Every structure is written in C-alpha cells, then in structure tokens.
Peer 1: 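Below is one structure. I have some questions about it.
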Amino acid sequence: MAKVPIKPFFDSSGSRIVLGKKIGSGGEGDVYTIINSHNDVVAKIYHKPLSRQKQEKLLLMVKGCNDELKAISAWPTSVLHAKAGGPVVGFLMPKISDYEPVHKAYGPTHRKEVFPHADWRFLVRTAKNLAAAFYVIHKFGYVVGDVNEGNILVNQTACVRLIDCDSFQVRSGSRLFNCEVGVAHFTPPEIQEEKHYDMERTKNHDNFGLAILIFQLLFLGRHPYAGVYSGKEDMPIEKAITEYRFAYGKNSRLRMIAPPPNSVGLPVVPDEVAGFFETSFSEDGARHAGRPEAGDWWDVLEDLENHMRKCSADSMHSYYAGLSSCPWCRLEEHSGILLFLSADSITKIDIRREWQKVEAIIPPGQIPSVSPMDYAVRPMPLHPGIARSLDFRGIRQIAGVGITAVCIVMLLGEMVTDYLWFVPAAVVIAALFLYPDETVNEKRRRKASLDGARYLWDLWNKKWLAEAGDEVFFAQLNHLREFRQKYEKIGQEYKADFLSLEQTIKDRQLRQFLGRWSIDSCLNPRITAGLKNVLKAAGIRTAADIAPAALRSIPQLDNTMANELLAWRDKTARNFLFDPSKGIERDDMQALIHKYQPRMKPVERELKIGTLKLRRIQEDVVKKRITLRPAIEKRARELAQAQADYEVFGRTIEEMALQDIRRIFNIR
Amino acid sequence: MDMILPDQQPLGAVTFAENPEPRCPCLLLLDTSGSMAGQPITELNEGIREFYNELQNDSLAIKRVEVALLSFGPVRVLSEFNTAECFFDPQLEAVGDTPMGEAIKRGIELIRNRKDQYRANGISFYRPWIFLITDGAPTDEWQSAAAMVREGEASKAFAFFAIGVNKADMKTLKQISVREPVKLQGLRFREFFQWLSNSMKSASRSNPGDKIMLASPLGWSEI
C-alpha cells in the first residue's frame, strides 16, 4: 500500500495544493483528488524525479493550455512543485469521470455490458468525436504519438477524451519534445520496425492510429490488419501492418489476406469512408501526409450520420442508408451472435415455429436388426481324410472314456489289489486321447477364422449400433428439449419481472388517480364535515390516503365509519382506468430487456444450431443404415459361417467339456 | 447458407466475432500424481481460482488471455482454451502417476489446434505460454516431448516454463525445458499464480512481437 503524501504541493502560481484520495495508479505516477478545490481537477504526481527535458515539456504544455484542449483531454493545466521554486514533480489536469476506455465501446462483449444503449449510430458518433479530438490536438501543433485502445476514453453520450497527455509530442520553435512510447497495433508501417520510439512523430503517423480506431469502432472491434492469412507463416498484426496487408482492402487478395469469418466488409460504409480506409492503410498513405486527416474524417463521418436508416425488424439496428438491407440482421442471423442489444424484445425467434421445425424431423426409428443368427449357413464340408480322422477320433475318445470308467469302477469296487495294474491302462488311455491326428490343423484354422470373424463382427456391430442407431438422435432431441425448457424459463422470468414492473406502474397510477379525490368529495352523510377535518388533521386528505391501518389510528372513527370510508375508496377506485401508454418508461423497459436478452441469445443459438444438427443426425443415420448395411451383413454372414464351420469340432468331447467349464466359470 | 456446426460449446462461450481482441494463450500442465495429495493439491486448486479471479478483474486481460488446463496422472484436458470469463474450477484430485511426456505432447497439440483456430478466424495472437507444474519425475517416455519443447522454443511457437514443487526432479526438468526451471518455494502456489496473472496482464497489453518480459519470480521461487 503506497502511502499518501500529505505534504502540500505548489502550483504554477505558488498556491498550496493538498492531495486527497488516490484514484489512479500508473507506471509513471499516481493520480489524486485535491482537497479544498473544485471537484473537476486532479493531480498527477510522478514516482521518480523528472528530467529537465520532461519538466520543460510540461511547462510548455501548461503554457499552451486552452479551453479547446481542456474540453477534449486531460491536458496539464498547471505544474506542481514539491516546494516553491523547486523542480516539477507533477501537474494538475481536468478530472475526467464516467468515461470508459474505447476498447469497451468497440468490442461487442463489453459494449453490450457497459454501453447497453449503444447502436451503430453511437459508434459512428464516437468515431466522429474521436476525429474531432484529434483535430484539436493537431490544430495546436501537438502529436498524440502513443495512440492506443487504453488512453482514449468514451462516455455514454459518445463524447471522447484523451488521457496520458504528458506523453504527447510537443514542439516549440526548433525544440522537439518526443513521445517515447507507442503500441504496435496502432503504429504505422513506416515506423513499425524501429526499435525505439525516439524519432519525430508526425500528424500522418497519428492519422494511421486514428484510422485504425475508427475502423475498430465501425467494424465491431475488428482490427483492419487481423484477417485470415493464406500463407504458411504466422502473420501477427505488426507484420501485416509492415506489409500493408489490409484484410478488407480491394487488394487484399493479392496480399493473401481475407476478412475473418463473421465480419462485415467495407460495403457497410459509404464509398468515401471506404476510400479513406484504403488510403490510410496503403503505401500511398505512408508517404508524406498521405493519410486522411482528422478533419477529413470528421466530414465524411458527419455525412454518414446524415445518411443512416433504422432497420424495420430491429430498431437498435441502424445502418448506412445506401445499403439495400440491414447488414446487422444478416450478420446476426449468420453468426448467431447478438451484435446490439435490442430495445424491442428479448428474443428474436418464435419458439413455436422453431419447435415445429424440430418436430418435422422424423425420428429414424428402430435400428434394423442384423445378427449372425439370421443366417442359415451350411458348414463347409470337411476333407474326407479329416472327416474320417475325426470320426475315428470320436471312437478313440469313447474307448478312452470307457476304459477310464472301467478302471474307476474296478478301483472303487476294490477289485484290484495291485495299483500297478493301472499303469498300462493309463498309457492306453493317454494314447487314445492324445494321439495326434490330421484334425488338429484344420481345427486350428477354423478356430482362427472364427476368432477373426467374431472380432470383426464385434467391431462392426459396435459401429453399426453407434452410427445407425437412434440413440444419438434422441440424445440430441433431449438436448433440444432442455434448451426449449431453458428458453421458456427465461421467458417466464422475464414476463414475471415485466408484470411486477407493470403492477408497480399500475399502483402508482392508481395512487395518483385516488390522490385527485379529496375526502371532501365523499358525499356519505355519516362522514360529517367535522369528521373530515379530523381526518385531514390526521393526514388523510384524499382517497389515496385511506388505508385500514391509517384509519385505525383515529379514535373518533368507529368500525362502521371506517368501513364506509374504505367502501368509498374502493368505489372511487373502480373508476380508475389503467393507461398502459403512460405505463412503463422506455428506459425501465430497456433495462429489463437488456437483462434478459444476453441470457436468451445463447439459448436461441443452441436451439437453432441444435435443430440443424438434429436434422443432420437424422439424415446421417438414414444414410448410414443404407451404406453400412452391406458391410455389417457381410460380417454377420461371415461370423455365422465361421461358427458353423467350427461347430463340427465344437461337438467333440473335450470341446463340450471345455464349454461346460467356461459356462460354469463364466469365461468367454 | 453455409452454416458451420460447432461441437457442444459451453453456454456463454464468447465467439471470436463478439470478441475480436488479440489472444494471449496460456496453458497450464498440472501434475496430479499421487504425491501431490493433501496440502499441495489444495493449495494448487486455490491458486488456480485466484488466478482466474485476478484475470477477471482486468478489463483487457479478460478479453485477451485464454487459459487451458491439462492435468496429468492420467492425462486429461480439463478445459480447452477459453477467456477467463468462462471460469473453470478444476477441483483437482491427486491420484495417478506422472505421464509428463504424454502431457507435454498433448499440450503442444492443444496449442497447435488453438492457433489454427485463431488463424482461421483472423484473430491475432501472442506467443503462447506453457507452464509445467510438477512435484516428481516423469514415469513415461519424455525424451521425445523434450525434443518437441526444444523445437517449439526454437521456432518461437511457444515459450515453455517448468516449475518444480517439493521433491521435483529438477535435473530432468532441466533437460526438458530450454529455459531454466524454477523451484517453487514451499507451497507458494498463490504467490505464483498472482505473479502469473500479473505477467499475463502485462503481456496482454504488450505488443505481440515483443520479447517476453517477465517480472522476476520474487516471492514464490527459490531464487
């Protein structure tokens, strides 16, 4: 926490200046309010001692200060000394309050929050006022130098103020006091590649930055050099500036750069304005005094202001009257984003019609069943030798089992005394079971082809279910239903807010109406003139003041009389007619719309895009059912065939035993 | 009408047309291996929350800085590149091992894809920053990832910084990162993220081509 200097400072005339609250802080110094002064002046105090050069520059600026400069900027009005006659340590300047950096006005996101009422007319006016401000600076021979998005401020009435004036370039006779800073995105090509900003800055340099800012204001925050570059390397803005790659220019194709998607091009402005941009961003502009000047810009923007039209679909859409249709409607429709907060309604879609579109998309229905079970296939016949071998194998195995059984019976019946007798029997059994034969290879081959077929079937079946099934369709449909609910919920909340706003207005109008009925006009004979005086003394003068609580506090009133009075008030109120035209103020209404519209927009977008997506899914599923069908059927048939082929071996004793074991232990 | 159908986007995702400001991408590769469990992961979560908070309070940074979060152990993309407006509370849990190599490769891919989107949408961007935060040593193959880091640094595709926590294997980090890895002092994640948000804020105001000027990592590193 920086400590607040409490020691006084002295201005140019030697008067004491006592600092108040710190209201801003920057790299070079802090800004303070001033105690015991008008509220319209603030002080900037530098962190470090200033060079002689800088002190002289400030003194010159103060000397040059006039009303025109003060009106458009935080121009130094007096230098400050820490002690009388000492070095300059700071300066006084006009206080600029309720202004926002210009980037909050040109970027749609922040504009909608900070300048909710701003339409394109507002942006054109801001651009014109910006040109006017530059015009004044240039008129008195100064150069801004460090043009950027942060040191130009805008207020709710589109007025523009320049701040950080102590960095401006100042000339006095042959002496030049440089502007030593700059921001690359606003620096003209001719000095873009310089390492330091120590060269003399010219009006023509400023006019480049001015053209960039005007472009950003008119083209919804887009930088004129930020486009889609078709070359391979990176194309940062600085490089694009150096290479004159104006993304919207008539030569942009030659420069391999195109406007970004979801942007509007130069046709949205009159030809003269477009021509000004072309010149400002071309090689011609870079030549001595080649760019349009602030005054020129003011003229063409003034002309544009006089040729504007309001969109019939949305009153917040103003556009150049030379166009045949509203460019903002088109861009909003195309991009799905909300460019300007509408003043009319929180939604731009008709949910019922949108939902009809959803319902018109017929669900693809159940997935056609494809399964290996559907195929009756005949197993591939075994080679006669293998078949014989397999038969013989069967006999061998039955014999083996037989002998084993006999052995077990003998063993259990204790018919054998010497276990050694079993040794030859075991050898015979083993030979019967394990003797290799020709079936082994064939079995292995068929098993491999079965495994392969099953693997492929699983793979394709998964794909088939995923892509030809209706799950994705219904998932998307449910997604849309959720968004429809969201849409309706926002709509209901808006309506509730609207109604309560309307109710307040109604109550207010009713009160006003009742307020016009003095209790003297109550002709009920029981309410005597004396009683009326008592009532008046208690503050009950008109029908509007009559309320049960207020009446109870008057001892002279009994219940009947109180009820009579209430009845009179109610009877009077029945004559009240709500006048909706004098209802909700436009400002209240807009605030309400602005609260709900930004919530509604993304939901609208999801609904619109989601409907298109649903249609695409539906078409895709239908298409997949046709295109994938032969492939999945082929795999089903192949698996059926492989299963049938292997079946012959599956019936052997050991296979059946293995299958039983697998079944018992649940192994696949 | 040529309507592009983007994939599901979180509500409130700001499209490039609504916010055409140049972007300043920052990717955090966060170690969520078992050894981070307890205090470290809590502090890390807290630090990230703070980080978003700081960015949200700056009117230019909120439009320009884009953060992506990727955790490893196992490798998961928690949040794609998004401006700080779309705050993402990752609620990290420390569970897995340390597949640092895979995480780095995945992260570099994320950056590459995002840059393609910027280019396609005519959005200018600053050199992306990658911050690797780890308390261990890679448990997978990391040499090829290190090669990608070197290549990316050489071609100025991104700037890669490695932050070691506790018993991090600084030797391996040194082999992965071209820039000298920095050791976090204790569990000063908060101070680190404070520093990072300040650096991002000033970077988002600099000129995209400028040399990266980082404030000295005072207050959180062991330098």
Side-chain angles (χ1 to χ4, degrees), chain A residues 100-101 103-104 106-112 114 148-150 182-185 187 216 219-223 225-230 234-240 247 257-263 331 333-339 479 483 486 598-599 602-603 605-606 608-610 612-613 616, chain B residues 1-24 56 58-64 83-86 111-112 115-128 152 155-158 198 201-202 204-211 213 215:
Chain A
E100 296 282 351
H103 67 80
K104 289 196 181 180
Y106 63 60
T109 319
H110 269 151
R111 169 169 44 74
K112 285 185 280 180
V114 182
N148 70 55
E149 72 284 76
V183 169
H185 286 182
T187 301
Q216 289 185 304
F219 291 85
L220 313 176
R222 296 286 186 181
H223 193 283
Y225 290 91
V228 181
Y229 177 60
S230 47
D234 280 353
M235 184 49 66
I237 286 178
E238 306 84 312
K239 195 161 176 243
I257 196 157
N262 295 328
S263 61
L331 183 54
E333 169 77 16
H334 189 259
S335 66
I337 64 164
L338 183 66
L339 300 173
H479 181 68
F483 274 96
K486 260 188 205 162
R599 279 176 63 194
V603 180
R605 180 186 157 81
E606 284 293 327
K608 284 195 123 167
I609 292 184
L612 286 174
K613 199 168 171 184
R616 187 170 284 190
Chain B
M1 197 173 73
D2 55 327
M3 191 94 186
I4 15 155
L5 290 178
D7 277 315
Q8 284 299 302
Q9 278 186 329
L11 263 182
V14 180
T15 62
F16 292 125
E18 261 184 303
N19 174 16
E21 292 289 333
R23 297 301 207 273
C24 197
Q56 282 172 337
D58 184 292
S59 71
L60 216 47
I62 196 174
K63 288 193 277 194
R64 293 186 172 177
T83 48
E85 209 169 28
C86 300
I111 296 230
R112 199 176 299 141
K115 281 197 196 172
D116 287 345
Q117 286 174 350
Y118 293 149
R119 286 195 194 100
N121 285 288
I123 296 292
S124 166
F125 55 91
Y126 299 76
R127 193 193 306 182
S155 61
K156 299 192 169 172
F158 53 78
N198 281 336
K201 278 191 249 176
S202 54
S204 68
R205 275 170 174 71
S206 72
N207 301 324
D210 278 359
K211 242 189 103 130
M213 299 256 272

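Owing to the predicted nature of the structure, the values given are computational and were not obtained by experimental measurement. Protein chains get the first letters and strands the later ones, always in sequence-line order, with residue 1 at the start of each.
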Peer 1: Can you check whether B:Ser124 reaches A:His223 side chain to side chain, under 4.5 Å on heavy atoms?
Peer 2: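 Counting from C-beta outward, B:Ser124 and A:His223 never come under 4.5 Å.
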Peer 1: When heavy-atom pairs shorter than 4.5 Å are enumerated against chain B, which of A:Ile257, A:Leu220, A:Asp234 gives the highest number?
Peer 2: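 Among A:Ile257, A:Leu220, A:Asp234, the one with the most close pairs to chain B is A:Asp234.
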Peer 1: Ignoring hydrogens, what is the shortest heavy-atom contact between A:Ala226 and B:Gly122? Give both atom names and the distance.
Peer 2: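 Nearest heavy atoms, A:Ala226 then B:Gly122: CB-O, 3.4 Å.
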Peer 1: Quick check for you: among A:Pro261, A:Pro598, A:Ser263, which has the greatest number of heavy-atom pairs under 4.5 Å with chain B?
Peer 2: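 Of the candidates given, the most pairs with chain B belong to A:Pro261.
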Peer 1: Measure A:Lys239 against the heavy atoms of chain B and call it side chain, backbone, both or neither at under 4.5 Å.
Peer 2: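 For A:Lys239, there is no contact with chain B at all, as no heavy atom is under 4.5 Å.
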Peer 1: Determine the minimum heavy-atom distance between A:Pro108 and B:Ala17, stating which atoms define it.
Peer 2: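 So the two residues come closest at CG-O, 3.8 Å.
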Peer 1: What residue in A:Gly150, A:Gly227, A:Pro101 has the most heavy-atom pairs under 4.5 Å with chain B?
Peer 2: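 Most heavy-atom pairs under 4.5 Å with chain B: A:Gly227.
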Peer 1: Are A:Glu149 and B:Arg64 ion-paired here, with the side-chain N under 4.0 Å from a carboxylate O?
Peer 2: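 Yes, A:Glu149 and B:Arg64 are salt-bridged.
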Peer 1: Counting N and O atoms only, with roles assigned by atom type, does the side chain of B:Lys63 sit under 3.5 Å from a partner on the main chain of A:Thr109, one being a donor and the other an acceptor?
Peer 2: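 No; judged by distance alone, with no hydrogens or angles, the pair does not exist.
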Peer 1: Of A:His103, A:Gln216, A:His110, which meets side-chain contact (heavy atoms from CB on, under 4.5 Å) against B:Glu21?
Peer 2: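 Exactly one pass, corresponding to A:His103.
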Peer 1: Of the non-hydrogen atoms in B:Pro22 and A:His185, which two are nearest, and what is the gap between them?
Peer 2: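 The answer is CG-CE1, 3.6 Å.
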Peer 1: Under 4.5 Å from any heavy atom of chain B, what part of A:Tyr225 do you find: side chain, backbone, both or neither?
Peer 2: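 Interface part for A:Tyr225: neither.
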